[in-house]
Amino acid sequence: MEEITVDIIKNEDIKRGLAELGIDCDAEIGRRERGYGIKGGNGKFCVEYAAKTDFFRAATILESIKDTKESVDISAENRFDTCGIMIDVSRNAVLKIETVKDIIRYMARMGLNMLMLYTEDTYKMEDYPYFGYMRGAYTPDEIREIVDYAEIFGIECVPCIQTLAHLAKALRWNFAENMKGVCDTNDILMIDEEKTYAFIESMIKTVRGCFKTEKIHIGMDEAHFVGLGEYLNKHGYTDRFELLSRHLGRVCEIVKKYGFEPMMWSDMFFRLCSENGGYEADGKLPDNVSALIPESVSMVYWDYYNIDKEKYNRMIKAHKLMNRKIVFAGGIWTWAGVALNYDKTFATTTPALSACLENGVKDVFATMWGDDGAECSIYEALLGMQLFAEYNYSENPEEELDKMFKICTGFGADAFRLFGIDTFDAELCPNHDAVVSKQVLYQDLLQGLFDRNFSALDLKTHYAEYAEKLAALPNMGNLEYLFDYHRVLVDVLYKKCDLGIRITNAYKENDKKALGELCGETDELLTQVKKLHGAAADMWYKNNKPFGFELLDFRFGGTETRIGRAKERITDYLNGKIESVPELEEERLWFGEEGNPFIHNYFFGRIFD
C-alpha cells in the first residue's frame, strides 16, 4: 500500500472535510483504484480510497469501529460512476445555504458524489431582473459558496436548469422588455425566436460563472404543448420532433460555447413518438434518431413510478437505440403529500437501480421534487439518500441499509420510516401511491369530497398506531423539531379523518345532541391545526429562505377558517338560525374510481375545491 499520510496532512480539503464532519481519522492512508478499504484493529487502522467521497465514507465507518479490539477488513467498490441527488429548489422552497451545506455533509458521510439543485428561475441573472424576482433566488455568490463547500468533500455540483418548458414563474413577467416574444405557451419558450436564445445564453453564461463542472442539465422535459401555442399561430404546424431537435441543436451550440457537456430529460422524444403521449417504450423512435440528437448530449431517463423491473429494462433498452450516454434519475418521494412516501420510494428504487446495474447504466441520481408547495422537509429524505448510497457500495443494499444509516447519520432507520404515514397494505394500495394524509388535512369538513373514500378505511386506527410509535421514539437530537412536527401532524389527522363523516351522519340522523358534541371537537381540532401551522412555519424558516411560506399560510389559514365556519354553520342550525345545512345533505360520492379508496391526487386545488 502506498502511504500518503504526509500528502493527506497537506491536503487542506481533506483536513477541513474531516473537521467539518467532526471526525478524527487517526489512520494510515493509502490509495486504490476504486471504492475504499479499511483494515486493522486495536486502535491501528489503514484506510485506502479512490475518490474523496470514498474516503469520507470510509472515515465515517472507521469512526464507528475505532474502539474495536477485533481485526477488521472492510472493502467496497462503487457500482456506479455517479451516484448523487437532485434537490428541487424551484417549487416554493429554496433551501438556505446552511441547509444545503448540512445536506452536503450527510452526502459526504454516505459517499454520494454529485449534487444538483434544480433551479427553474431560482438563480439571479444580471440581464433579467424579473428572473427569480420574489422567489428567493440564489445569487451567483451563494451558488459559488455551495460549489466550493461541496468540493471539499469531492462532491460535484452540476447546474440543473430549464431551457424549454417549466418556466411559468419566469414567463409570467413577459411584459418585461427583453422577455417579450419568448413565450410559446405560458410555460414553454418560443423555438426559433432569437430573443429566446439570447435569454438561454444568459442562463448558460450565468451558471458558467458559478459552477466548476463541465456538466450541465438543460432540462426540456414535459413540454407537452411545444409548438402548439404562439408558435403555431406564427409559423403554422411544424413536426414537433423536428422542432424539438432543432431547438436542442441551438441550445447545444450555446452550451458548447461555454464549455459545458449537456444532459437532458429524455421524455419528450418518447412522448412525441407515442400514440397516447406517454413516456413509454411503445412508440417507435425515428430510424435516424441518432442523427437528430447532438452527440454531446446524455439522455436522462427518469422514472419513479414503476414497480416492475421489466418496465425499467425495456425503457433502458429503448434508450440505447438513441446511441447516447444514459443517466438514470429515480426518486425519493418528497413531493406527493405532507410527508415523505417511503413506501413508494422503496417500491420503485429497488427495481430501478437493479435494472440499471444489470444494463450497465453507470450514472444515477435521486430526485427530490417539491411539487405543489414543497410541504415535505428535505431532512425526511435522508433514508432515501442512504438507500441510493447502499446500491452504489453494497451487493446487498437493503440488508446493509439500516446499519449504514445509523453509522452515517446517527439516526435509526425505523424512526424515518414513520414519516411514511401514507403506507397502507399492498393489497389495498398496490401502486404504493396513497396521499390520504394530505387529503385528510385539507379537505373541507362540511363538503367532505373524500369522505366516501375515507369511510372505506380504518383511518382512526391507522393514525393512532403511528402516533403511538412516534411518541415512543427517543429524543432525535438536532432533528427533534421535525419529529415533533410529525407528532402534531398525526394528531391532527387522527382528529380530522372521520370528523366530517360523523358530522354528516349525525345531521342526517337528526341527532342534535351529537352535533353539539361534535362542535366541541371542532374546537379541539382547530387548536391543533393552529399548532401544526406554527410548527410548519418554524420548520420552514429554520431550513428555507422565507419566500414561499405565504402559500402554506394561505392553505393553513383557509383550513382554519373553514373549521371555524363549520362550527358556526352547525351552531346556527342547532340554534334555529338556519333551517338546514345544505352541504351536509349532499350525497357523498366516490372521489375517483368507485370502490377504490385511494386516489393519487395530491394537488391542493383539487382537494380543497
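Quantities reported herein were computed from a predicted structural model and do not represent experimental measurements. Note that the numbering runs from 1 along the sequence shown for the chain.
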TODO: Give the ring-plane orientation class for Phe56 versus Phe153, where under 30° counts as parallel, over 60° as perpendicular and anything between as tilted.
DONE: perpendicular
Open item on the list: Measuring centre to centre across the rings, with the benzene-like ring taken for any Trp, is Phe424 within less than 6.0 Å of His462?
Closed with: yes
TODO: Could you tell me whether the side chains of Asp54 and Tyr393 share a donor-acceptor contact shorter than 3.5 Å?
DONE: yes
Open item on the list: Are the side chains of Lys496 and Thr559 in contact, using a 4.5 Å heavy-atom criterion?
Closed with: yes
Open item on the list: Between Thr53 (side chain only) and Ala108 (backbone N and O only), is there a donor and an acceptor less than 3.5 Å apart?
Closed with: no
Open item on the list: Check for me whether the distance between the ring centres of Tyr442 and Phe608 falls short of 6.0 Å.
Closed with: no
Task: Proximity of Phe328 and Phe365 rings by center, below 6.0 Å - done: no
- [ ] Using a strict 4.0 Å threshold on nitrogen-to-oxygen distance, state whether Arg79 and Glu395 make a salt bridge.
- [x] yes
TODO: Show your reasoning for whether side chain to side chain contact (heavy atoms under 4.5 Å, CB included) applies to Arg562 and Gln447.
DONE: CA-CA 10 Å; Arg562 288 300 296 174; Gln447 296 186 12; 4.3 Å; yes
Open item on the list: Using side-chain heavy atoms (C-beta onward) and a distance below 4.5 Å, is Val94 in contact with Phe547?
Closed with: no
- [ ] Would you check if there is a donor-acceptor pair between the side chains of Tyr301 and Asp303 at a distance under 3.5 Å?
- [x] yes
Open item on the list: Please tell me whether Trp265 and His217 form a close aromatic pair, meaning their ring centres lie under 6.0 Å apart.
Closed with: yes
- [ ] Kindly confirm or rule out a cation-pi arrangement of Lys101 over Tyr149, judged by NZ or CZ under 6.0 Å from the six-membered ring centre and within 45° of its axis?
- [x] yes
Open item on the list: We want to know whether Asp267 and Trp302 form a side-chain donor-acceptor pair, criterion being a heavy-atom distance below 3.5 angstrom.
Closed with: yes
Open item on the list: If we count only N and O atoms by modelled type, under 3.5 Å, do the side chains of Gln386 and Glu390 hold a donor and an acceptor together?
Closed with: yes
Open item on the list: Restricting to non-hydrogen atoms, name the atom on Ser437 and the atom on Val338 that form the minimum distance, rounded to 0.1 Å.
Closed with: OG-CG2, 3.6 Å
Task: Near-ring test Tyr118/Trp369, centroid separation under 6.0 angstrom - done: yes
TODO: For Asp572 and Arg569, run salt bridge (charged side-chain N to carboxylate O under 4.0 Å, His left out): C-alpha distance rounded to whole Å, both residues' side-chain angles, the deciding distance at 0.1 Å, then the answer.
DONE: CA-CA 5 Å; Asp572 286 348; Arg569 295 278 291 157; 5.8 Å; no
TODO: Could you tell me whether the side chain of Tyr304 reaches within less than 4.5 Å of the side chain of Trp335, counting heavy atoms only?
DONE: yes
Open item on the list: Does this structure show an ion pair linking Lys309 with Glu358, if we count only N-O contacts that are shorter than 4.0 Å?
Closed with: yes
- [ ] Ignoring hydrogens and angles, tell me if any N or O in the side chain of Thr350 forms a donor-acceptor pair with the backbone of Ala347 under 3.5 Å.
- [x] no
Open item on the list: When you compare the side chain of Leu459 with that of Val440, does any pair of heavy atoms fall below 4.5 Å?
Closed with: yes
TODO: Output, in order, the C-alpha distance, side-chain angles, deciding distance and verdict of side chain to side chain contact (heavy atoms under 4.5 Å, CB included) for His486 and Leu418.
DONE: CA-CA 9 Å; His486 275 269; Leu418 292 179; over 6 Å; no
Open item on the list: Tell me if a side-chain donor or acceptor on Thr348 pairs with a main-chain N or O of Thr345 at a distance below 3.5 Å.
Closed with: yes
Validation: residues 509-520 side-chain donor-acceptor distances under 3.5 Å, sequence neighbours left out:
residue : atom : partner : partner atom : Å
Asp511  : OD1  : Lys513  : N            : 3.4
Asp511  : OD1  : Ala514  : N            : 3.0

- [ ] Go through the steps to decide whether His600 and Asn431 satisfy the test side-chain hydrogen bond (donor to acceptor under 3.5 Å, both in side chains), and finish with yes or no.
- [x] CA-CA 10 Å; His600 188 64; Asn431 289 326; over 6 Å; no
TODO: Answer with yes or no whether the side chains of Asn543 and Tyr481 bring together a donor and an acceptor at under 3.5 Å.
DONE: yes
Open item on the list: Using ring centroids (six-membered ring only for Trp), state whether Trp540 and Tyr485 fall under 6.0 Å.
Closed with: no
Task: Whether Tyr379 side chain and Leu479 backbone form a donor-acceptor pair below 3.5 Å - done: no
Open item on the list: One thing to verify: whether Asp102 and Arg105 come together as a salt bridge, which I'm taking to mean a side-chain N less than 4.0 angstrom from a carboxylate O.
Closed with: yes
Open item on the list: Could you tell me if the side chain of Glu568 sits less than 4.5 Å from the side chain of Arg565, heavy atoms only?
Closed with: yes
- [ ] Please indicate whether Lys531 has more than 12 foreign heavy atoms, meaning atoms of other residues, nucleotides or ligands, lying under 6.0 Å from its NZ.
- [x] no
Task: Cationic tip of Lys406 above Phe411 ring, under 6.0 Å, 45° of axis - done: no
- [ ] Please determine, by modelled atom types, if Asp451 and Gln443 share a side-chain donor-acceptor pair under 3.5 angstrom.
- [x] yes
Task: Heavy-atom closest contact (Ala355 atom, Tyr312 atom, distance) - done: CB-CB, 3.6 Å
Task: Minimal non-hydrogen separation, Ala415 against Met476, with atom names - done: CB-CE, 3.7 Å
Open item on the list: Whether Arg271 and Glu280 form a salt bridge (side-chain N of Lys/Arg under 4.0 Å from carboxylate O of Asp/Glu) is what I want to check.
Closed with: no
Open item on the list: Between the side chains of Arg417 and Asp414, is the shortest nitrogen-to-carboxylate-oxygen separation below 4.0 Å, so that they form an ion pair?
Closed with: yes
Open item on the list: Using every non-hydrogen atom in the two residues, find where Asn341 and Asp433 come nearest and quote the distance to one decimal.
Closed with: ND2-CA, 4.0 Å
TODO: Might you point out which heavy atoms bring Ile61 and Ile74 nearest each other, and give the distance in Å?
DONE: CG2-CD1, 4.1 Å
TODO: Compare all side-chain heavy atoms of Val100 with those of Tyr138 and state whether any distance is below 4.5 angstrom.
DONE: yes
Task: No-hydrogen, no-angle side-chain donor-acceptor test under 3.5 Å, Tyr391 and Glu398 - done: yes
Open item on the list: Could you check whether Asp372 pairs with Arg555 (Lys NZ or Arg NE/NH1/NH2 to Asp/Glu carboxylate O, under 4.0 Å)?
Closed with: yes
Open item on the list: Looking at every heavy atom in both Glu427 and Pro430, which two are closest together, and how far apart are they?
Closed with: O-CD, 4.1 Å
TODO: May I ask you to test the Phe416-Asp402 pair for a side-chain heavy-atom distance under 4.5 Å?
DONE: no
TODO: Using modelled atom types only, decide if a donor and an acceptor are shared between the side chain of Asn392 and the backbone of Phe80 within a distance under 3.5 Å.
DONE: yes
TODO: Please confirm whether the backbone N or O of Tyr494 pairs with a side-chain atom of Lys460, one donor and one acceptor, at under 3.5 Å?
DONE: yes
Open item on the list: Out of the candidates Lys567, Arg502, Lys495, only one should pair with Glu521 under the salt bridge (Lys or Arg N to Asp or Glu O under 4.0 Å) rule; please name it.
Closed with: Arg502
Task: Student check: side-chain heavy atoms of Asn453 and Phe598 closer than 4.5 Å - done: no
Open item on the list: If you apply the rule side-chain hydrogen bond (donor to acceptor under 3.5 Å, both in side chains), what do you find for Tyr507 with Glu585, and how did you get there?
Closed with: CA-CA 8 Å; Tyr507 176 81; Glu585 294 181 356; 2.7 Å; yes
Open item on the list: Can you tell whether the side chains of Asp484 and Arg487 come within less than 4.0 Å, N to carboxylate O?
Closed with: yes
Task: Any side-chain donor near an acceptor of the partner, Asp422 and His432, under 3.5 Å - done: no
Open item on the list: Please check this pair: side chain of Tyr342 against backbone of Ile421, looking for a donor-acceptor N/O pair closer than 3.5 Å.
Closed with: no
